[in-house]
Each structure stands twice: as C-alpha cells, then as structure tokens.
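To start, the structure itself, in structure tokens.
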Amino acid sequence: MMDQQASATNVVSLRQGFLPRHREYLMRWLQAGACMGLCDADITNRDENDEVDMDHVLVWVRENANPAYMVRPEGMGWVLIDQIRERPLATYRSFEAALHAIRPVLSCGATVAA
C-alpha cells in the first residue's frame, strides 16, 4: 500500500500556460483588429509578488481606458472575463477561440500547433 503523502506529490496539474505561439497569435490578432477597435494587449506572467496568481492576458479596446477583457488559462480551457463588470463570459477550448470571441478579426484556426 502506498503512503498517501507520497502519492499526493505525484499529482500533475493540468493547467494551460502561454506558449510562444500564443504570443505570436496575440500580436497578429491585435494588429489585424486595430481597425475594429483593439488598442493594446498585455501578457502578465505569474509572479510571487502579484495579487493575481496565474498568467493572463489583458485586452484594451478603444471604448475604454481600462482593460475591457481578461483571458486566462483554467484547467484545459481558456476563460474570457469581462474586466469592466468583473464576470466570466465563457470558457473556450483554445486561446484563439477566446480572442475570436472578443473580435473575430482572424480565422479561428489561423495558427499552427507548437
């Protein structure tokens, strides 16, 4: 019989993270969406000193001075959050689909797997 304490250390967290292909897609999406009101985006990496305990993307749109959306990995999906109203909007299977929900400026399958 295995020691329960030893088995607890073998748990692998299934949480997505930002890959170089996500960064590249975000930049292409942002550039393509400039004519549709996308202003800026920022990827924030987890830091021990941050209040937010996970990587996330903040997206600014022309209509607001504050970030309008947050996209963050959760489990094996990507959660889109309305930052202004501070409420989740939906969970998507891919990072690209979450951005597509904000502004459909690129084809949802416009990236290759890393």
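Basis for what follows: all heavy atoms, side chains included, without hydrogens, waters or symmetry-related copies.
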Do Phe95 and Trp29 have ring centroids that are under 6.0 Å from one another?
-> no
Residue pair Val71 / Val79, side-chain heavy-atom distance below 4.5 Å = no
Does a side-chain heavy-atom distance below 4.5 Å link Val57 with Met70?
-> no
Which residues share a side-chain contact (heavy atoms from CB on, under 4.5 Å) with [X], sequence neighbours left out:
X     : answer
Ala34 : none
Ala32 : Val105, Leu106
Glu63 : Val61, Arg103
Leu30 : Leu38, Asp40, Ala41

Assess whether side-chain contact (heavy atoms from CB on, under 4.5 Å) is satisfied between Asn66 and Gln83, documenting all intermediate values.
-> CA-CA 8 Å; Asn66 294 324; Gln83 271 296 100; over 6 Å; no
Quick one: [atom1] on [X] to [atom2] on [Y], what's the gap to the nearest 0.5 Å?
X     : Y     : atom1 : atom2 : value
Asp55 : Thr44 : CG    : OG1   : 8.5 Å
Ser94 : His22 : OG    : NE2   : 7.5 Å
Glu96 : Tyr25 : CD    : OH    : 5.5 Å

By side chain to side chain donor-acceptor pair (under 3.5 Å), Arg23 pairs with (sequence neighbours left out) Asn45
Contact summary for Ala98 and Leu80, nearest pair of heavy atoms | O-CD2, 4.1 Å
Donor-acceptor contacts under 3.5 Å from residues 84-92 side chains, at least two apart:
{"from": "Arg85", "atom 1": "NH1", "to": "Asp82", "atom 2": "OD2", "distance (Å)": "2.7"}

